[in-house]
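Only one structure is covered here, and it is reproduced in the block below.
Just so it is clear: chains get the letters A, B, ... in the order the sequence lines come, proteins before strands, and each one is counted from 1. Side chains are part of it too, since the values below use all heavy atoms of this structure and drop only hydrogens, waters and symmetry mates.
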Amino acid sequence: MRPSQIEALPDWDGDVAAARALQQRLARQVELRDDFALPLRTLAGFDVGFEDAGATTRAAAVLLDADTLQPLETRIARIATRMPYIPGLLSFRELPALLEALALLSRRPDLVFVDGHGIAHPRRLGIAAHFGVATGLPSIGVAKKVLVGHHVEPGPQRGDVAALVDRGDIIGTVLRSKPRCRPLVVSPGHRVSLASAPGLVLRCLTHYRLPEPTRLADRLASRRDERR
DNA sequence: GCGACAG
DNA sequence: ATCTTGTCGC
């Protein structure tokens, strides 16, 4: 188990500039070369939802068999919300709960899919990248909307892609995961390359817009009947 | 100054 | 993200 960054997640004190500066430092620790177990045995999906009008943050973690894509384990963590949503600083708000959910899993997955961006972020440290650096785990970000960057419309077929570019950098891939559906924004988080990320997401797709890890976590994180 | 802005 | 039912389309 790789060491986690001791200063990767300080307490929120309202200092936006300080948080951005920390992101720039942490971004340097992101590894964009493929460095995960092959063959992949287990995958995990993570997502966050809110209860009590936002007072409680709920994180869902789902461990899946990498071959069958069947869920092996499901966990939910709840903590008091510590920070408001601020575009670009999402990870500081949601990561605490995600780390709790990860700790509830019986084993560390070979690869993690997080709902949100990896390096497709203003300072190249979206929640999937932050999660990866904080835990040392290989990760990929799967977002439903662009945060930063531009791209042309990908083709209509499942698997069609377009590069997401920001300030001259290719920071992710816009992927049509299902015909007639808005494409997903895929970007590496940590220990995964820009070129490999789309393929890894593709192999997790069945007949839904979202890849199984994220889809299952999404469902758990936002189900009303799961609230209490 | 005017938009854009993950979840 | 969340508040919320039905409804149009494949």
Side-chain angles (χ1 to χ4, degrees), chain A residues 9 12 16-17 19-20 23 26-27 30 45-61 76-101 112-134 139-151 156-158 164-167 169 171-190 197 201 207-211 213-228:
Chain A
L9 199 52
W12 174 243
V16 172
R20 288 179 176 155
Q23 290 182 316
L26 293 173
V30 170
F46 286 83
D47 190 27
V48 168
F50 296 87
E51 305 173 357
D52 316 323
T56 301
T57 299
R58 173 179 57 195
I76 289 179
R78 288 182 173 80
I79 64 171
T81 301
R82 312 174 184 178
M83 187 192 149
Y85 167 68
I86 298 174
L89 300 184
L90 174 72
S91 63
F92 291 105
R93 170 174 160 88
E94 304 191 345
L95 205 46
L98 290 183
L99 297 183
E100 285 291 322
V112 168
F113 293 75
V114 182
D115 188 296
H117 295 290
I119 63 168
H121 176 279
R123 290 164 294 285
R124 311 297 184 249
L125 193 84
I127 190 166
H130 197 161
F131 181 99
V133 169
S139 65
I140 292 177
V142 180
K144 305 177 197 69
K145 297 188 292 191
V146 168
L147 170 61
V148 68
H150 300 278
H151 66 87
Q157 309 288 314
R158 167 222 265 253
L164 178 64
V165 181
D166 178 51
R167 289 180 281 153
D169 298 330
I171 58 175
T173 304
V174 178
L175 168 70
R176 181 128 274 149
S177 56
K178 177 177 180 175
R180 293 179 303 285
C181 277
R182 286 182 54 195
L184 299 177
V185 185
V186 177
S187 62
H190 186 53
V201 169
H207 60 103
Y208 295 98
R209 178 164 88 119
L210 297 177
T214 301
R215 188 181 74 82
L216 296 175
D218 232 84
R219 215 174 42 171
L220 275 176
S222 59
R223 293 196 55 171
R224 301 184 57 110
D225 49 293
E226 195 62 58
R227 298 175 190 175
R228 56 177 180 181

(message) In this structure, how many angstroms lie between the P atom of B:dG7 and the NE2 atom of A:H130, rounded?
(response) 18 Å
(message) Rounding to an integer number of Å, can you tell me how far A:R223 CZ sits from C:dT2 P?
(response) 13 Å
(request) Evaluate whether the aromatic ring of A:Y85 and the six-membered ring of the C:dA1 base sit under 5.5 Å apart, centre to centre, with an inclination under 30°. (result) no
(request) Output, in order, the C-alpha distance, side-chain angles, deciding distance and verdict of side-chain contact (heavy atoms from CB on, under 4.5 Å) for A:K144 and A:R182. (result) CA-CA 8 Å; A:K144 305 177 197 69; A:R182 286 182 54 195; 5.8 Å; no
(message) Could you tell me how far apart A:E51 (CD) and B:dG7 (P) are, to the nearest whole angstrom?
(response) 19 Å
(request) Round to the nearest Å and state the distance from A:R58 atom CZ to C:dT2 atom P. (result) 7 Å
(request) Taking only the side-chain heavy atoms of A:R180 (C-beta and beyond), determine which of B:dA6, C:dC10, C:dT2 contains the nearest atom. (result) C:dC10
(request) Quickly work out the A:L147 CG to B:dA4 P distance and round it to whole Å. (result) 14 Å
(request) Name the orientation class of the two ring planes belonging to A:F46 and A:F131 (parallel below 30°, tilted from 30 to 60°, perpendicular beyond 60°). (result) tilted
(message) Determine whether a donor-acceptor pair (N or O, by modelled atom type, separation under 3.5 Å) exists between the side chain of A:Q23 and the backbone of A:G88.
(response) yes
(message) To the closest 0.5 Å, what do you measure between CG (A:L210) and NZ (A:K178)?
(response) 10.0 Å
(message) Tell me the interatomic distance from A:H150, atom NE2, to B:dC5, atom P, rounded to whole angstroms.
(response) 10 Å
